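Here is the structure we will look at, set down as structure tokens.
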Amino acid sequence: MTLRTRYSVQTHVGLKRKVNEDAMLALPELNIWLVSDGMGGHAAGDYASRLIADMAAGIPLDLEPGDRLQRCATHCMRHTG
């Protein structure tokens with residue numbers, strides 16, 4: 001039996017912000033779905049949330065899941081420091 005996953009993505013800027021700071025990543029062929037919330041009101045939240053999604057998409061697939069997460073977090077902290 002083959003399982004199929006259906007997904008959809010939707011986000012909204014909200015009532016107080018002018019910029020939507022959310023970012024999403026969907027890689028269903030790898031069973032990866034990510035939602036990154038930009039923490040509205042903080043400086044460059046849109047940049048930070050997009051950076052997380054972009055870095056997660058670029059992590060080598062041959063790493064163990066915990067190592068992939070650590071590499072993503074370390075890389076993002078270096079770029080937002």
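A quick note: this is a predicted structure, and the numbers were derived from the prediction, not measured.
- Under a cut-off of 6.0 angstrom, the local environment of CD in Glu29 is crowded, with over 12 non-hydrogen atoms contributed by other residues, nucleotides or ligands.
- Pairing each heavy atom of Val13 with each of Asn20, the nearest pair is CG2-N, 3.5 Å.
- The nearest pair of heavy atoms linking Ala56 to Leu34 is CB-CD1, 3.9 Å.
- Using a 4.5 Å cut-off between side-chain heavy atoms of Ile, Leu, Val, Met, Phe, Trp and Tyr, with links allowed through other members, Met24 and Tyr7 fall into the same hydrophobic cluster.
- At most 12 non-hydrogen atoms from other residues, nucleotides or ligands lie less than 6.0 angstrom from CZ of Arg71.
- Of all the heavy atoms in Trp33 and Ala26, the pair that sits closest is CD1-CB, 3.9 Å.
- How far OG1 of Thr11 is from CG of Asp37: 8.0 Å, rounded to the nearest 0.5 Å.
- Considering CZ of Arg50 and CG of Asp54, their distance stands at 4.5 Å, rounded to 0.5 Å.
- Criterion: ILVMFWY side-chain heavy atoms under 4.5 Å apart, direct or through other members. Under it, Val35 and Leu25 are not part of a common hydrophobic cluster.
- There is no path of hydrophobic side-chain contacts, each under 4.5 Å, that joins Ile59 to Leu61.
- At least one donor-acceptor pair closer than 3.5 Å links the side chain of Ser49 to the backbone N or O of Glu21.
- Side-chain heavy atoms closer than 4.5 Å link hydrophobic residues (I, L, V, M, F, W, Y) into clusters, and following such links, even through other members, never connects Leu63 to Ile32.
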